[in-house]
*Asks:* 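Could you have a look at this structure, given as structure tokens, before my questions?
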Amino acid sequence: MVGHFLKRNLNHRRAQRIWAEVKWRLASSDWDFFYKKALKTENFPLPLVYDYAYLLMQSEDFSGVISLLGQFDPNEQVNEFEVMRAHVFFKTRCYTRALQSIDKLMARGDATPAALRTKAKCELALAQYEEALESGRKLIALSQSPEQGDWALLASIFKRAGLYDSYRNLYDFDRLVTARFLAVPAGFSSRSIFHEELVSSLEALHGSLQHPLEQSLRNGTQTDGHLFATSEGTIQHLAAGIKQHVAQWVNQLKNDSDHPFLRHSGKRFDFSGSWSVKLKKDGYHKNHYHNAGWISGCYYVSANKELTADGQGWLKLGESELLEDDSADYLIRPEEGLLVLFPSYFWHGTTPFQRDGNRLTVAFDIYPEE
């Protein structure tokens, strides 16, 4: 139905995005067919150029991004495109070139959060720690509600600059991470029986063939929509158990109005998103953070002990995507029934596992109610 609509409405941004993302998850080689078709028309709007370039970047077709932006902005005058060029240069480790793009942009008076964010990342990668620290602090000061990624960036700067007290204030693993086994829901005689039904319910929702364009997983699939919005019984049992456990944990944290995480402790909260991830052999999560959350967490449904041997498939905390030689500061071995909670601005990812078999998890973000 979306395809028929797009044939008559090639410039419809939402329909283009839906078509591309669905086709990508079905591992279709022509996932960008309608974007390419629209390119051949006379009036291809710049917002659609931006959308297409963004998806190309998510698919890691960096040369395609530069080519597309050059076609529609040959004189490099569109600020949003210049930020995207800098992103591409950063992703391809051309840090000096990325910084030059941002400096040129800021010389034109564009000191937006997006520009400052990229500037700080480039300065960090180039070991210009004083400059990165200044840019990072400007970024935080620019917004009354900084993004979770801004705190992740500032933490990376603190870590690499050797400001360990400041780093540990943000990344206090002993105080701000919890890993506990979730109680078996009432009505189930054992965890294995509960998980047997839960696995069946989750597997039925994994209909795609590869990871979503905008997500961190590789060699795996992710469910669509808000998982906990489903009425399925075992999933609702899990959601209720997680919410109860989170409430107990949050209420024991001491409130600190000057801390980006602890300032919300004790508040009412709700899920802002939830999903299931199934990783296959060689599957893993790239290091990332969650802008849509305050607390992020994962529950391990299937985590065969053989799959986690020798550190395979373990959860890594504190290893930044921004640094080529960074390492994790905190590791957690997956176990079935284990619930892990941490601040959404924590860098986190997983190590790949090389054994046959799948690892099934439920992940979620929680946001405080103001």
Side-chain angles (χ1 to χ4, degrees), residues 176-208 211-212 215-217 220-253 264-280 283 285 290 292-305 307-308 313-315 332-344 346 348 350 357-369:
L176 303 181
V177 179
T178 177
R180 298 286 186 271
F181 288 97
L182 202 62
V184 178
F188 295 90
S189 59
S190 67
R191 191 183 311 280
S192 60
I193 291 175
F194 172 57
H195 278 193
E196 183 178 349
E197 292 191 25
L198 184 58
V199 167
S200 178
S201 298
L202 294 174
E203 288 279 7
L205 299 175
H206 280 273
S208 60
H211 65 275
Q215 302 302 326
S216 65
L217 68 144
T221 60
Q222 180 172 311
T223 57
D224 294 318
H226 198 331
L227 180 67
F228 292 159
T230 179
S231 59
E232 199 284 324
T234 53
I235 294 175
Q236 284 303 306
H237 279 302
L238 177 62
I242 290 173
K243 201 165 189 178
Q244 181 179 12
H245 186 89
V246 171
Q248 293 171 351
W249 182 58
V250 167
N251 287 334
Q252 74 179 15
L253 294 172
H264 298 299
S265 62
K267 291 183 179 179
R268 294 171 61 87
F269 61 86
D270 204 352
F271 295 108
S272 55
S274 57
W275 58 95
S276 172
V277 169
K278 181 169 70 173
L279 294 178
K280 301 175 289 188
H285 283 271
H290 291 188
W294 162 50
I295 297 172
S296 294
C298 61
Y299 178 78
Y300 293 97
V301 183
S302 298
N304 189 303
K305 289 185 177 181
L307 295 182
T308 60
W314 287 35
L315 177 64
I332 296 174
R333 180 175 184 172
E335 295 186 65
E336 293 181 4
L338 188 68
L339 175 66
V340 182
L341 305 173
F342 49 87
S344 296
F346 269 28
H348 60 285
T350 65
N358 296 327
R359 194 194 76 178
L360 191 64
T361 59
V362 169
F364 53 88
D365 286 327
I366 282 173
Y367 210 73
E369 295 181 351

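Not measured: the values here are computed from a predicted model.
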*Asks:* Should Gln215 and Val277 be marked as a side chain to side chain contact (heavy atoms under 4.5 Å, CB included) after you check the CA-CA gap, both sets of side-chain angles, and the distance that decides it?
*Replies:* CA-CA 11 Å; Gln215 302 302 326; Val277 169; over 6 Å; no
*Asks:* Would a distance-only check, ignoring hydrogens and angles, find a side-chain to backbone donor-acceptor pair under 3.5 Å from Ser274 to Phe228?
*Replies:*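 Judged by distance alone, yes, a pair lies under 3.5 Å.
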*Asks:* Testing the basics here: between Ser296 and Asp365, what is the closest heavy-atom pair and its distance to 0.1 Å?
*Replies:*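 Closest heavy-atom pair between Ser296 and Asp365: OG-OD1, 2.6 Å.
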*Asks:* Is the backbone N or O of Leu182 less than 3.5 Å from a side-chain atom of Arg191, with the two atoms forming a donor-acceptor pair by type?
*Replies:*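 Judged by distance alone, yes, a pair lies under 3.5 Å.
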*Asks:* Any side-chain donor paired with an acceptor under 3.5 Å for Ser201 and Glu232?
*Replies:*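 Yes, because at least one side-chain N or O of Ser201 sits under 3.5 Å from a partner of the opposite role on Glu232.
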*Asks:* Do His285 and His348 have ring centres separated by under 6.0 Å?
*Replies:*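 No; His348 has its ring centre 6.0 Å or more from that of His285.
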*Asks:* Can you measure from CH2 (Trp249) to CG (Leu176) and round to the nearest 0.5 angstrom?
*Replies:*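 Going from CH2 on Trp249 over to CG on Leu176, the span is 6.5 Å.
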*Asks:* With rounding to the nearest 0.5 angstrom, report the OG1 to CD distance, Thr234 to Glu197.
*Replies:*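 One finds 6.5 Å between OG1 of Thr234 and CD of Glu197.
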*Asks:* For the atom pair OG1 (Thr361) and CG (Leu338), what is the distance rounded to the nearest 0.5 Å?
*Replies:*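 Those atoms lie 12.0 Å apart.
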*Asks:* Taking atom CZ as the centre, does Phe188 end up with more than 12 heavy-atom neighbours from other residues, nucleotides or ligands that are less than 6.0 angstrom away?
*Replies:*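 Yes, the 6.0 Å shell around CZ holds more than 12 heavy atoms from other groups.
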*Asks:* So which heavy atom on Ala179 is nearest to which on Ile332, and how close?
*Replies:*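 Closest approach of Ala179 to Ile332: CB-CD1, 4.4 Å.
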*Asks:* If I take atom CD from residue Gln252 and atom OG1 from residue Thr178, how far apart are they, to the nearest 0.5 angstrom?
*Replies:*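 With rounding to 0.5 Å, CD (Gln252) is 7.0 Å from OG1 (Thr178).
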*Asks:* Is the Phe364 ring parallel, tilted or perpendicular to the Phe271 ring (thresholds 30°, 60°)?
*Replies:*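 It falls in the perpendicular class, over 60°.
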*Asks:* Checking the side chain of Glu335 only, and the main-chain atoms of Ala303 only, is there a donor and an acceptor separated by less than 3.5 Å?
*Replies:*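 No, the answer is negative, given that no donor and acceptor are paired below the 3.5 Å cut-off.
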*Asks:* What closest approach, in Å, do Asp270 and Glu369 show between heavy atoms, and which atom pair accounts for it?
*Replies:*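 Closest heavy-atom pair between Asp270 and Glu369: CB-OE2, 3.7 Å.
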*Asks:* Search all heavy atoms of Gly293 against all heavy atoms of Ser272 and return the closest pair with its distance.
*Replies:*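 Heavy atoms only, the tightest pair is CA-OG, 4.3 Å.
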*Asks:* What orientation do Phe342 and Phe346 show, parallel under 30°, tilted 30 to 60°, or perpendicular over 60°?
*Replies:*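 Parallel: the ring planes of Phe342 and Phe346 meet at under 30°.
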*Asks:* Indicate the ring-plane relationship of His195 and Tyr299, choosing parallel, tilted or perpendicular according to the 30° and 60° boundaries.
*Replies:*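 His195 and Tyr299: perpendicular rings.
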*Asks:* Heavy-atom count around Gln248 CD within 6.0 Å, excluding the residue itself: above 12?
*Replies:*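 Yes.
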*Asks:* Atom CD1 of Ile295 and atom CG of Leu253: how far apart are they, to the nearest 0.5 Å?
*Replies:*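 It is 7.5 Å, given to the nearest 0.5 Å.
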*Asks:* Quick check: do Tyr367 and His264 have side-chain heavy atoms less than 4.5 Å from each other?
*Replies:*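 Contact flag for Tyr367/His264 side chains = no.
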*Asks:* Taking Thr223's backbone N and O only, do any of them form a donor-acceptor pair with Ser276's side chain (distance below 3.5 Å, no angle check)?
*Replies:*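 No, because the side chain of Ser276 does not come within donor-acceptor range (under 3.5 Å) of the backbone of Thr223.
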*Asks:* For the NZ atom of Lys278 and the NE2 atom of His206, what is their distance to the nearest 0.5 Å?
*Replies:*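 That separation rounds to 6.0 Å.
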*Asks:* If you take all heavy atoms of Pro334 and Arg359, which pair is closest and at what distance?
*Replies:*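 Looking at all heavy atoms of both residues, the closest pair is CG-NH1, 4.2 Å.
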*Asks:* How close do His237 and Ala186 get, counting heavy atoms only, and between which atoms?
*Replies:*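 Closest approach of His237 to Ala186, heavy atoms only: CE1-O, 4.2 Å.
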